[in-house]
Amino acid sequence: MTIRRILHVDMDAFFASVELLRHPELAGLPVVVGGAGDRGVVAAASYAARVYGVRSAMATIRARRLCPELVVVAPDHAHYSAVSSRIMDCCREFAPVVEPLSLDEAFLDITGAQRLLGPDESIATALRQRLWDREGLWSSVGVASTKLVAKLASEAAKPAPGLSGGSSGVCIVDPADELEFLWDRPVSDLWGVGPVTGDRLRALGVSTVADLARFPRAALESHLGAGLGRQLHDLANGRDDRPVVADAEVRSISHEETFGSDLTVIGDLRAELVVMAEKVGRRARRRGLVGRTVHLKVRWSDLVITTRSRTLAVGTDDGLVVARVATELLGSLPVERGVRLVGVGLSSLGPAGGSSQLELSLSDVGTPAGELPNGRGAALRAADEVRERFGEEAIAPLRRRTGDPSQGGT
DNA sequence: TCTGGGGTCCTAGGACCC
DNA sequence: TCTGGGGTCCTAGGACCC
């Protein structure tokens, strides 16, 4: 088994740095990108802002208290996406397989690239320099033999608050040093350990990765569940064979919004749902996808979350259909309780067009439910969906057509 | 200091099929 | 008629990631 070399690249303060490029007059000022309102949150903080203790995921209100002269810039996702795709293109000049993790992060499999591009250190430095030359943005790069260690290495290469590119920006971990590199760290550094699992582990007396590596595997699995227990025990012992995978398929598309003040009137919520569902539909169409499952998410004024979903017999990319299904789901919820956030989404995605959407539903209409795959009323659902899209009068001709295909139809 | 918006993956129970 | 088991789909919730 050959030793892999995996590179992780992570842009420094990405959204904030991009905004500083567009607004040179803000250079040196404490800048965050995020929501400005009472319920806004910091999405990214410039290094000048971090000096004040401002961090991403922090409520904007609190950030303003820490730094009264803070400049808050509204996010412009379309622009960040455009910059991101150029960054990913740049990465592909260094490795055949590039896996974007988010807009500002990617894994590159550089196993075997040394012959062409030189040692790990040269590859990392060259990538970093090219991103700077092309985009004017600094990044941090880590290289190791696993995804986990490569990501921790890029984190270790990050500049300290107050600086922006002063450190070398590169951290290479030799395979022989990887366990030591890992074991010094708190368990919360591991992928999959958040606040809840972190608390559970601490209750077991586990606080460092070394503690976790020594903890009996079976006991860990019984405390955390088989899946998570096994994964964490492997990671803590440096076992991480997750490959670098390009072109991961999108699994869901959603849009959600927190209101400035809670809504209690169903009509107001319906109006919001229509707008949001249309955005989801537009994004699905742009990607050439249809979704079979419509999701509704509600966050109540007490922050508790309720979700509802409904799976249709066929996929849709039509915002009106999504809105109508979501509205139905909303109908069963006590909105007078006070709705802070509403979200609508599509999953069970598949390619749009051809036989996948309408054709299938036409042939389903009138077919006994028992003869359909998953014979749980799929035909009825299909008929409902056709009715929703085209109205009651559309059903009759479809029945005739289904009964006698030679007659043709729509 | 009370938590935005975009996602991913996992779990668990019930329905249903073979 | 009763019983069991495996597999898949659907739904709700939850943890986590950036």
Heavy atoms only, 4.0 Å cut-off, all strands: where does [X] land among base, sugar-phosphate and nothing?
{"X": "Leu190(A)", "result": "sugar-phosphate"}
{"X": "Gly40(A)", "result": "nothing"}
{"X": "Gly35(A)", "result": "nothing"}
{"X": "Pro75(A)", "result": "nothing"}
{"X": "Leu341(A)", "result": "sugar-phosphate"}
{"X": "Val250(A)", "result": "sugar-phosphate"}
{"X": "His77(A)", "result": "nothing"}

Minimum-distance nucleotide to [X] side chain [options: [options]]:
{"X": "Glu257(A)", "options": "dC18(C), dT8(B), dG5(B)", "result": "dG5(B)"}
{"X": "Ser254(A)", "options": "dG13(C), dG4(B), dG7(B)", "result": "dG7(B)"}
{"X": "Arg308(A)", "options": "dT11(C), dA15(C), dG13(C)", "result": "dG13(C)"}
{"X": "Arg283(A)", "options": "dA12(C), dG7(B), dG4(B)", "result": "dG7(B)"}
{"X": "Arg292(A)", "options": "dT8(B), dC10(C), dC18(C)", "result": "dC10(C)"}
{"X": "Thr197(A)", "options": "dC16(C), dC18(C), dG6(B)", "result": "dC16(C)"}
{"X": "Ser252(A)", "options": "dT11(C), dT8(B), dC16(C)", "result": "dT8(B)"}
{"X": "Ala43(A)", "options": "dC18(C), dT11(C), dG4(B)", "result": "dG4(B)"}
{"X": "Thr307(A)", "options": "dG4(B), dA12(C), dT8(B)", "result": "dA12(C)"}

ring-ring contact (aromatic ring centres under 6.0 Å, His included) contacts touching residues 175-197 of chain A (sequence neighbours left out):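 Residue pairs with at least one partner in residues 175-197 of chain A: there are none.
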Between [X] and [Y], is there a donor-acceptor pair closer than 3.5 Å when you use the side chain of the first and the backbone of the second?
{"X": "Thr60(A)", "Y": "Gly35(A)", "answer": "yes"}
{"X": "Arg128(A)", "Y": "Ser139(A)", "answer": "yes"}
{"X": "Lys158(A)", "Y": "Gly169(A)", "answer": "no"}
{"X": "Thr125(A)", "Y": "Ser122(A)", "answer": "no"}

Exercise: do Thr293(A) and Ser309(A) side chains pair donor with acceptor under 3.5 Å: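 Their side chains do not contain a donor-acceptor pair, so the 3.5 Å distance test is not met.
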For [N], take OP1 and OP2 only and decide whether either is under 4.0 Å from a side-chain N or O of [X].
{"X": "Lys297(A)", "N": "dA12(C)", "value": "no"}
{"X": "Arg251(A)", "N": "dG7(B)", "value": "no"}
{"X": "Thr311(A)", "N": "dC9(C)", "value": "no"}
{"X": "Arg340(A)", "N": "dG4(B)", "value": "yes"}
{"X": "Thr293(A)", "N": "dC10(C)", "value": "no"}

Residue-level proximity of residues 60-71 of chain A to DNA chain B when a heavy atom falls under 4.0 Å: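 Arg62(A), Arg65(A), in order of number.
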[X] [atom1] - [N] [atom2] separation (whole Å):
{"X": "Arg242(A)", "N": "dC16(C)", "atom1": "CZ", "atom2": "P", "value": "15 Å"}
{"X": "Tyr80(A)", "N": "dC18(C)", "atom1": "OH", "atom2": "P", "value": "19 Å"}
{"X": "Leu296(A)", "N": "dC10(C)", "atom1": "CG", "atom2": "P", "value": "19 Å"}
{"X": "Leu346(A)", "N": "dC10(C)", "atom1": "CG", "atom2": "C1'", "value": "16 Å"}
{"X": "Glu155(A)", "N": "dC18(C)", "atom1": "CD", "atom2": "C1'", "value": "11 Å"}
{"X": "Trp300(A)", "N": "dA12(C)", "atom1": "CH2", "atom2": "P", "value": "13 Å"}
{"X": "His295(A)", "N": "dT11(C)", "atom1": "NE2", "atom2": "P", "value": "9 Å"}
{"X": "Glu328(A)", "N": "dT11(C)", "atom1": "CD", "atom2": "P", "value": "12 Å"}

Ring geometry between Phe215(A) and His223(A) (parallel below 30°, tilted from 30 to 60°, perpendicular above 60°):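 The arrangement is perpendicular - the two ring planes meet at more than 60°.
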Residue mapping more 5' on DNA chain B - nearest nucleotide basis, Ala57(A) or Gly227(A):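 The 5'-side residue here is Ala57(A).
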Residue met sooner reading DNA chain B from 5', once Ala59(A) and Leu228(A) are mapped to nucleotides: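 The residue closer to the strand's 5' end, by nearest nucleotide, is Ala59(A).
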Atom pair CG/CG of Asp211(A) and Leu201(A) - distance to nearest 0.5 Å: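 Answer for the CG-CG pair, Asp211(A) versus Leu201(A), is 9.5 Å.
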Euclidean distance, Arg86(A) CZ relative to Glu135(A) CD, rounded to 0.5 Å: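 Answer rounded to 0.5 Å: 4.0 Å.
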Stepwise side-chain contact (heavy atoms from CB on, under 4.5 Å) test for Val298(A) and Trp300(A): CA-CA 6 Å; Val298(A) 170; Trp300(A) 307 99; 3.7 Å; yes
From CA spacing to verdict: side chain to side chain donor-acceptor pair (under 3.5 Å), Ser140(A), Asp12(A): CA-CA 7 Å; Ser140(A) 302; Asp12(A) 296 340; 2.8 Å; yes
Atom P, compared across dC2(B) and dC18(C): separation rounded to whole Å: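 Those two atoms are separated by 25 Å.
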Identified stems (criterion: three or more consecutive Watson-Crick or G-U pairs, under 3.5 Å), DNA chain B: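 The stems are B:5-18 with C:5-18.
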Syn/anti state for dC2(C) [syn: chi within 90° of 0]: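 In terms of base orientation relative to the sugar, dC2(C) is anti.
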Stepwise side-chain contact (heavy atoms from CB on, under 4.5 Å) test for Arg92(A) and Met88(A): CA-CA 6 Å; Arg92(A) 287 185 196 99; Met88(A) 299 305 163; 3.7 Å; yes
